[in-house]
Amino acid sequence: MKHIYDEVFDLMMYTIPEKEMKNSQVTEYDESSYNRMDVLWGFLSKVRCIGSNRARFGNICKVALLVATLPHSNASSERVFSMVNNKTKFRPSLQVDGTLDSLMTLKMEMLNTPCYSLEPSPTMLKNAKQATRQYNLEHTN
């Protein structure tokens, strides 16, 4: 198995074909231009080793994908909280797979429906009461 530093060295020596460079190029309104990295990494992920047909830059492309998908800010998380309108002192302790997930599900389901038009079923009411009772038992002194 090829080590990532071997792939980095190989990539440094590799020349991306001119056709691929042109395909990735974007020209702005002010005549400046740049290359789209997602297009270039997409091309590099398809380059194969001669003879073995394995990905030539497989490991480093995985790293590039991970780096490219890292959020550059917490703005999307903040938008979620704005959407559910949760500005309480409990906000930092909301569990993603519990309360926050439930709030988001309700918000998305009721996106175009006013809250006063909701008619909960008897089962929904029963489940809500059980969950409330359980929550209160777990969080009271």
Peer 1: At what distance, to the nearest 0.5 angstrom, does CZ of Phe43 lie from CE of Met21?
Peer 2: 10.5 Å

Peer 1: Return yes if a side-chain donor-acceptor contact under 3.5 Å exists between Gln130 and Gln134, otherwise no.
Peer 2: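 Looking only at side-chain atoms, Gln134 and Gln130 do not form any donor-acceptor pair under 3.5 Å.
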
Peer 1: Go through Asn35 and Val26 one step at a time and tell me if the side-chain contact (heavy atoms from CB on, under 4.5 Å) criterion holds.
Peer 2: CA-CA 6 Å; Asn35 293 88; Val26 175; over 6 Å; no

Peer 1: Could you tell me whether a side-chain N or O of Ser32 sits under 3.5 Å from a main-chain N or O of Glu28, the two making a donor and an acceptor?
Peer 2: no

Peer 1: If you measure from NZ on Lys62 to CD1 on Ile4, what distance do you get to the nearest 0.5 Å?
Peer 2: 9.5 Å

Peer 1: Determine whether Met12 and Tyr14 fall in the same hydrophobic cluster, where Ile, Leu, Val, Met, Phe, Trp and Tyr are linked whenever their side-chain heavy atoms lie under 4.5 Å apart.
Peer 2: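 Same cluster: Met12 reaches Tyr14 through Ile, Leu, Val, Met, Phe, Trp or Tyr contacts under 4.5 Å.
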
Peer 1: For Glu7 and Asn59, work out which heavy atoms get closest and say how close.
Peer 2: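 Closest approach of Glu7 to Asn59, heavy atoms only: OE1-N, 3.0 Å.
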
Peer 1: Does the side-chain contact (heavy atoms from CB on, under 4.5 Å) test come out yes or no for Trp41 and Phe57, once each step is laid out?
Peer 2: CA-CA 10 Å; Trp41 281 110; Phe57 306 111; 5.5 Å; no

Peer 1: Just by modelled atom types, is the Val39 backbone N or O under 3.5 Å from a matching donor or acceptor in the Asn23 side chain?
Peer 2: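 It does not hold such a pair.
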
Peer 1: Would you compute the distance between atom CG of Leu66 and atom SG of Cys61 and round it to the nearest 0.5 angstrom?
Peer 2: 11.5 Å

Peer 1: What distance do Met37 atom CE and Ser24 atom OG have between them, rounded to the nearest 0.5 Å?
Peer 2: 6.5 Å

Peer 1: Counting only heavy atoms not in Phe9 (residues, nucleotides, ligands), do more than 12 fall under 6.0 Å from its CZ?
Peer 2: no

Peer 1: In Å, rounded to the nearest 0.5 Å, how long is the span from CD of Gln25 to CD of Glu18?
Peer 2: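 Answer rounded to 0.5 Å: 8.5 Å.
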
Peer 1: For the atom pair CG (Leu40) and OG (Ser45), what is the distance rounded to the nearest 0.5 Å?
Peer 2: 11.0 Å

Peer 1: Evaluate Tyr34 against Thr27 for side-chain contact (heavy atoms from CB on, under 4.5 Å), listing each step before the verdict.
Peer 2: CA-CA 7 Å; Tyr34 61 92; Thr27 304; over 6 Å; no

Peer 1: Looking only at heavy atoms, which two atoms of Asn53 and Arg48 are closest? And how far apart?
Peer 2: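 For Asn53 and Arg48, the tightest heavy-atom pair comes out as O-CD, 3.2 Å.
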
Peer 1: Restricting to non-hydrogen atoms, name the atom on Leu11 and the atom on Leu44 that form the minimum distance, rounded to 0.1 Å.
Peer 2: CD1-CD1, 3.8 Å

